[in-house]
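All residue numbers in this chain count up from 1 along the given sequence. Each ligand, and each atom within it, is numbered from 1 in the order the structure gives. Worth saying up front: this structure is predicted, and the values here are computed from it rather than measured.
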Amino acid sequence: MAKEHQAAAWSDPAEKKKSKRHGLIIVNTGDGKGKTTAALGTAVRAVGAGMKVCIVQFIKGSWDYGELHAAEKLGIEIHPMGKGFTWEPKKFGEDQKAARAAWEMCKEKALSGAYDLVVFDEINYVLDYGFISVEEVVDFLRKKDPKLHLILTGRNAKEEIIEIADLVTEMREIKHPFQKGILAQKGIEY
Ligand code: ATP
Ligand code: MG
């Protein structure tokens, strides 16, 4: 769509009514900061628009962090499923089990019909590690409710995921305070 047409569609209420809901598959990937926080920003926008939102987190779960409490205040359902995650090579089996449990939760929530937007936070990580099968996820995405919006986050998004997505953004690191030895800041990073 040309830019001027797009602007007209946004401002004209009649055009707005005509525009049909198209559930998007959105991917936030790349090595720069902002993948999860962009998903949270979209979640806030969606809730503000009267939508129901659910976030399933593959890695987070065993510590306290800002979005848990913010979600509660905003009426966003959030499931930290990463309690079993260790990142220790010896505990590969446990990480795989935690990832599978999170994936089961993603499917359940996406299939429930109760949400307008579901976020699979850090799913790209566990796909990259081979903890869940990319074919299974792509197959699920292909058959999803056409009205449901989904956001998949995490570094190293698989080619197959990028291909099936409607919107893919790559965060690129230019600078990160970590390079200067500055540790993660409360409210900014967790
Ligand atoms: P955020 O949750 O802040 O949006 P993210 O989802 O893009 O970050 P992840 O790859 O999930 O980033 O990593 C989570 C943690 O790692 C965050 O605390 C984030 O600040 C930090 N991080 C992200 N990118 C970098 C980087 N390039 N160098 C060092 N730390 C990073
Ligand atoms: Mg993240």
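At a threshold of 4.0 Å, the pair Lys33-Glu189 does not count as salt-bridged, since none of the basic side-chain nitrogens sits closer than that to a carboxylate oxygen. Salt bridge annotation for Arg142-Glu135: absent, with no cationic side-chain nitrogen under 4.0 angstrom from a carboxylate oxygen. Under 4.0 Å is where a charged nitrogen must lie from a carboxylate oxygen, and between Glu94 and Lys97 no such pair does. Here Asp116 pairs with Arg21 in a salt bridge; the nearest charged N to carboxylate O distance falls below 4.0 Å.
For the pair Lys109 and Tyr115, the cation-pi criterion (under 6.0 Å, within 45° of the ring axis) is not fulfilled.
Atom 4 (O) of ligand 1 has Thr37 OG1, 2.7 Å as its closest protein atom, hydrogens excluded (heavy atom only). In terms of protein heavy-atom proximity, atom 13 (O) of ligand 1 is nearest to Tyr125 OH, 4.1 Å. With hydrogens left out, the protein atom closest to atom 3 (O) of ligand 1 is Lys33 NZ, 2.4 Å, a heavy atom. Regarding atom 8 (O) of ligand 1, its nearest protein heavy-atom neighbour is Gly34 N, 3.6 Å. For atom 2 (O) of ligand 1, the closest heavy atom belonging to the protein is Thr36 CB, 3.3 Å. Distance from atom 11 (O) of ligand 1 to its nearest protein heavy atom, with residue and atom name: Glu122 OE2, 2.8 Å. Closest to atom 12 (O) of ligand 1 among all protein heavy atoms lies Lys35 NZ, 3.5 Å.
Considering Tyr125, Trp103, Phe131 as possible partners of Phe58, the one that fulfils the side-chain contact (heavy atoms from CB on, under 4.5 Å) test is Trp103.
The distance from ligand 1 to the heavy atoms of Phe178 drops below 4.0 Å at these ligand atoms: 29 (C). Per-residue contacts place Gly32 under 4.0 angstrom from the following atoms of ligand 1 (heavy atoms of the residue considered): 7 (O), 24 (N). Near Asp31, with a cut-off below 4.0 Å to any heavy atom, the atoms of ligand 1 are 24 (N), 26 (C), 27 (N).
Neighbours of the Mg ion (ligand 2) restricted to protein N, O or S atoms under 2.8 Å: the count is 2.
Polar contact check, Glu173 against ligand 1: a nitrogen or oxygen pair lies under 3.5 Å apart.
The shortest separation from a heavy atom of Ala184 to ligand 1 is not under 4.0 Å, leaving the residue out of contact.
Under 4.0 Å from ligand 1, the heavy atoms of His176 that appear belong solely to its side chain. Using a 4.0 Å cut-off between heavy atoms, Phe58 makes no contact with ligand 1 at all.
No donor-acceptor pair under 3.5 Å is formed between the side chain of Thr29 and the backbone N or O of Glu170.
Among Gln179, Arg155, Glu189, the residue whose heavy atom lies nearest to atom 24 (N) of ligand 1 is Arg155.
A donor-acceptor pair shorter than 3.5 Å can be found between the side chains of Thr36 and Asp121.
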